[in-house]
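Scroll down for the structure; my scribbles are underneath it.
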Amino acid sequence: MYSEEQQLYFSKNLLEWYQTHKRDLPWRRSKNPYYIWISEVMLQQTRVDTVIPYFHRFVDQFPTVEALATAPEENVLKAWEGLGYYSRARNLQSAVREVHERYEGVVPQNKADISALKGVGPYTSGAILSIAYNKPEPAVDGNVMRVLSRYFLIEEDIMKPSTRTIMEKLARELILEGTASDFNQALMELGAMVCTPRSPHCLTCPVMAHCSAREAGMEEALPIKKKAKPPRPELRAVAFVEGTGENAGKWLIRQRPQEGLLARMWELPHVEWPSSGWQSDEENMSELRQALAEQELIGIQPDEWFMDTEHIFSHIVWKMKVYRAKLGDANRQSTGEEWIPFHYRWVGPEDLQNYAFPNVFVRIMREWQEQCEE
DNA sequence: AAAGCGGGGTG
DNA sequence: CACCCAGCTTT
């Protein structure tokens, strides 16, 4: 399909370039398959600069397959706090437990076994097999598709699953005997450092001379990519509940459901708001009290607007209003209607290290602490 | 094939 | 502000 000369030039020059230009990244300092695995899962949808501190902390806390396999899940989730896509953490631990129990702690070295592990798809299996074990398997991520689509001028939509299959076949052909580990890393490194999304740095590219997109003046138009749908808006009203009496200085938090969005993470109590929109603060607070009661959180009394904030997921945008609220002894004694379900907890600032929160709630709690210091 | 699933960055 | 980065699982 593509000329053998163009392919061979690409593989040889890319490998040579990588030897002198590769970054010194923490997960490149060993070939420990377990460490490579952790890094690859963290790097899914996440940039290198973000991952580095998480990687250090994670391997420090869970240095071996056994350590991660036997750790409490909440500790793993806490170590993942802020990285996003938390099913990655739960799947990783589940898969590491399987490696611990079924494979005596040795990460499988064949495509079928490693691909059967939770959270290990075509990219991650190829990355581990090639980088850690030097197996000639392709590892096609977004960087690789961008580089290949340009160098070979491939105009298929890279969002289509069928395009990845084409890319994998091509990437497999490009691996020269015995070079899988370095070549796959070189391919991704080129995409990250030179053949970047917006304005590729062609003049420093080691394979510019035979790049088809460059020859055609197409490098900025590739890869072809269908646009994602914009996130749908959701209104959310949050109750920042400050304790009184024996709970003075503490806040009320709760754990999210076992499945779905932000599964098993902790959060401030809140309700989804009708899309018809906000009313006055007075009306909002009254509505919030009733809505929380319908969630069986009875006796909450919002009393003051605190802040507005927004949290953007890939598919939803939460537009949030946060209200201060009380649930105190006075309330309990006068009404006798207070009831807090078991998955709620009173925590102080010193307890936060024991719970994993989505970033949006970390931001709200940090804002509250800053205002307290004033 | 499409949707669900977080959190960042840049111009 | 609009725009960009994106792999695995489930439906």
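As the structure is a computational prediction, the values presented were derived from the model and not from experiment.
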Out of [options], which nucleotide sits closest to the side chain of [X]?
X	options	result
A/H315	B/dA3, B/dG4, C/dC3	B/dG4
A/Q44	C/dC5, C/dG7, B/dG6	C/dG7
A/N359	B/dG7, C/dG7, B/dG4	B/dG7
A/P161	C/dA6, B/dG6, B/dA1	B/dA1
A/R47	C/dA6, B/dG9, C/dG7	B/dG9
A/D141	B/dC5, C/dG7, C/dC5	C/dG7
A/M145	C/dC8, C/dA6, C/dG7	C/dG7
A/Q45	B/dG6, C/dC4, C/dC5	B/dG6

Under a 4.5 Å cut-off applied to non-hydrogen side-chain atoms, are [X] and [Y] in contact?
X	Y	answer
A/R88	A/Q44	yes
A/E189	A/R23	yes
A/I36	A/E40	yes

It should be established whether [X] places a side-chain nitrogen or oxygen under 4.0 Å from OP1 or OP2 of nucleotide [N].
X	N	answer
A/R88	B/dG6	no
A/H311	B/dG7	yes
A/T124	C/dC8	yes
A/Y85	C/dT9	no
A/K229	B/dA2	no
A/K227	C/dC4	yes

Rounded interatomic separation in angstrom, taking [atom1] from [X] and [atom2] from [N]:
X	N	atom1	atom2	answer
A/N91	C/dT9	CG	C1'	8 Å
A/R146	C/dC4	CZ	P	13 Å
A/W80	B/dC5	CH2	P	18 Å
A/Y123	C/dG7	OH	C1'	9 Å
A/F357	B/dG6	CZ	P	16 Å
A/Y86	C/dG7	OH	C1'	17 Å
A/E168	C/dG7	CD	C1'	12 Å
A/L77	B/dG6	CG	P	10 Å

Select base, sugar-phosphate, or nothing to describe what [X] touches, counting heavy atoms under 4.0 Å on all strands.
X	result
A/S87	nothing
A/K160	nothing
A/V41	nothing
A/I312	base

Handout entry: Pairwise 5' ranking along DNA chain B for A/R363 and A/S199, keeping only the more 5' one
Key =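 So the residue in question is A/R363.
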For the [atom1] atoms, the ones on [N] and on [M], what distance do you get once it is rounded to whole angstrom?
N	M	atom1	result
B/dG6	C/dC4	C1'	16 Å
C/dA6	B/dG4	C1'	14 Å
C/dC5	B/dC5	C1'	16 Å

Exercise for the section: Any chance you could measure A/K321, atom NZ, to A/F306, atom CZ, to the nearest 0.5 Å? Expected result: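 A/K321 atom NZ to A/F306 atom CZ measures 13.5 Å (nearest 0.5 Å).
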Practice task
Go through the steps to decide whether A/S286 and A/Q279 satisfy the test side chain to side chain donor-acceptor pair (under 3.5 Å), and finish with yes or no.
Solution key: CA-CA 10 Å; A/S286 173; A/Q279 311 291 325; over 6 Å; no
Practice task
Check whether more than 12 heavy atoms from other residues, nucleotides or ligands sit under 6.0 Å from atom CD of A/E16, and answer yes or no.
Solution key: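 No - once you tally the heavy atoms of other residues, nucleotides and ligands closer than 6.0 Å, there are 12 at most.
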Practice task
Output yes when A/R172 and A/E137 qualify as a salt bridge under the 4.0 Å nitrogen-oxygen rule, no when they do not.
Solution key: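 A/E137 and A/R172: salt-bridged.
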Problem - Of residues 92-99 of chain A, the positions that come close to DNA chain B - non-hydrogen atoms, cut-off under 4.0 Å - result: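 Within this stretch, nothing sits under 4.0 Å of the strand.
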Exercise for the section: Map A/T46 and A/G119 onto DNA chain C by nearest heavy atom, then report which one ends up closer to the 5' terminus. Expected result: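 So the residue in question is A/T46.
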Exercise for the section: Would you confirm whether A/N143, through its side chain, and A/M193, through its main-chain N or O, come within 3.5 Å as a donor-acceptor pair? Expected result: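 Side chain of A/N143 to backbone of A/M193: no pair is present.
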Handout entry: Residue list, salt bridge (charged side-chain N to carboxylate O under 4.0 Å, His left out) with A/E74, at least two apart or on another chain
Key =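 Not a single residue meets the salt bridge (charged side-chain N to carboxylate O under 4.0 Å, His left out) criterion with A/E74.
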